[in-house]
Amino acid sequence: MNNTTQPSILLIYTGGTIGMIENPETGALLNYDFEQFQHLVPEMKRFNINIGSYTFRPPIDSSDMEPKYWVRMARVIAENYEAYDGFVVLHGTDTMAFTASALSFMLENLGKPVVITGAQLPIGQLRTDGKENLLTSIEIAAARNAAGEPAVPEVCIFFENRLMRGNRTTKINAEGFNAFRSYNCPPLADAGIRIKYDTAQIRRPDPLRPFRPHYTFDSRIFILTLFPGITEEYVDAVVHMKGLRALVIQTYGSGNAPQKPWLFEKLKDFDRRGGILVNTTRCSLGTVEMHRYETGLQLLQAGAVNGYDGTLECTVTKLMFLLGQTSSKEEILRLLNTNIAGEITISAE
Ligand code: ASP
């Protein structure tokens with residue numbers, strides 16, 4: 001904990017459009033160094049905040065994001081946890097929601113803000129959204145509530161005036177500045193003339209337990225997206241994939257799948273062989289309710305776990321995280337049915 005009155009924030013620059021520059025010959029955007037772009041935001045010096053930095057070398061386009069980089073981010077946060085009051089992660093927008101979800105599971109009982117942000121236009125361009133996103137993220141990461149505690153001790157995404165719980169977000173726009181949504185969870189704060197925090201929504205750590213980072217993942221999962229006309233051969237190939245430990249089934253509506261006996265049999269067989277099935281819906285708003293229709297019930301009977309109202313990014317990273325923590329199927333199923341970082345709303349089925 002920082003004892004001086006001036007808060008300390010660690011900026012972790014991983015890459016992404018926010019720090020890119022145009023190659024004058026090809027016109028394509030390339031990553032460049034954080035030090036080079038710091039001078040483009042002189043406003044940072046006007047904060048009464050001590051800002052440290054850590055740069056990924058080389059910075060990466062977030063399309064190249066992988067669990068090993070999540071581990072690096074979590075380690076940087078853990079190693080600097082006592083020295084800083086909050087963390088701002090600069091990240092490409094493409095996989096930002098995956099990173100936010102992964103970090104929310106890795107950083108157990110987090111007591112300090114981790115605000116992830118980026119931009120749709122490089123920070124060096126005149127109409128950039130990056131400056132606004134960066135400056136407000138720093139302010140939020142340093143903010144304290146009336147009790148003097150960190151205002152938002154959560155992993156969040158700040159984008160286009162809105163602070164969202166990281167594991168509830170999804171990127172929905174490849175062009176507009178308003179690129180992220182949190183359909184099933186209200187924003188944690190809105191930034192207008194003032195930053196208005198929704199304190200009732202904000203999660204707080206358990207004061208009796210320590211902050212505990214975790215660093216292991218297992219990516220041996222597959223996303224099976226259902227579509228009308230899906231064939232038996234396709235599903236058969238998926239469930240017999242070598243080494244596959246878990247299958248996320250992207251179903252229709254409230255968790256429905258075609259009523260094909262072969263589909264039920266193949267999924268049931270995967271479950272019997274020790275595989276884990278999670279039912280998540282293609283719909284952005286709302287939740288999976290497997291009891292609602294016969295078409296959902298058969299997935300429940302095949303052994304599928306409810307993915308509730310979690311985003312695909314959240315379901316995928318949670319599964320990879322849990323598979324990395326334990327080999328006990330029973331424990332993984334229990335934790336999939338538990339809201340561990342504000343990621344799902346458990347409805348009574
Ligand atoms: N491709 C970039 C990335 O995700 C896009 C962005 O930053 O917005 O790294």
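Read the numbers this way: they start at 1 and go in the same order the structure lists the ligands and their atoms. Being a predicted model, the structure only gives us computed values, none of them experimental. This chain uses plain numbering: 1 for the first residue, then up along the sequence. Hydrogens, waters and symmetry mates are skipped; everything else that's a heavy atom, side chains included, is used.
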Inset, instruction - Would you check the N or O atoms of Ser62, main chain and side chain alike, for any that come under 3.5 Å of an N or O of ligand 1? - result: yes
Inset, instruction - State whether the side chain of Asn184 and the backbone N or O of Ser284 hold a donor-acceptor pair below 3.5 Å, judged by distance alone. - result: yes
Inset, instruction - Taking the side chain as every heavy atom from C-beta outward, state whether Met96 and Phe159 have any pair of such atoms under 4.5 Å apart. - result: yes
Legend entry - Check: Asp61 N/O within less than 3.5 Å of ligand 1 N/O: yes
Legend entry - Distance from atom 8 (O) of ligand 1 to nearest protein heavy atom, with residue and atom: Thr93 OG1, 2.4 Å
Inset, instruction - Just jot down the ligand 1 atoms closer than 4.0 angstrom to any heavy atom of Gly92, in number order. - result: 3 (C), 4 (O), 6 (C), 7 (O), 9 (O)
Legend entry - Under 3.5 Å side-chain donor-acceptor pair for Thr345 and Arg168: yes
Legend entry - Distance-only N or O hit between ligand 1 and Lys171, under 3.5 Å: no
Inset, instruction - Using distance alone, with no hydrogens and no angle criterion, decide if Asn50 and Ser8 have a side-chain donor and acceptor under 3.5 Å apart. - result: yes
Legend entry - cation_pi(Lys112, Tyr81) dist<6.0 Å, angle<=45: yes
Inset, instruction - Give the residue and atom name of whichever protein heavy atom lies nearest to atom 5 (C) of ligand 1, and the separation in Å to one decimal. - result: Thr17 OG1, 3.2 Å
Inset, instruction - Run the numbers for me: atoms of ligand 1, each under 4.0 Å from some heavy atom of Gly16, listed by number. - result: 7 (O), 9 (O)
Legend entry - Name of the residue among Tyr69, Phe98, Trp70 meeting ring-ring contact (aromatic ring centres under 6.0 Å, His included) with Phe217: Trp70
Inset, instruction - Look at ligand 1 and say whether Ala119 reaches it with a heavy atom at a distance under 4.0 Å. - result: yes
Inset, instruction - Give the residue, atom name and distance (to 0.1 Å) of the protein heavy atom nearest atom 1 (N) of ligand 1. - result: Asp94 OD2, 2.9 Å
Legend entry - Donor + acceptor pair across side chains of Thr170, Glu313 (<3.5 Å): yes
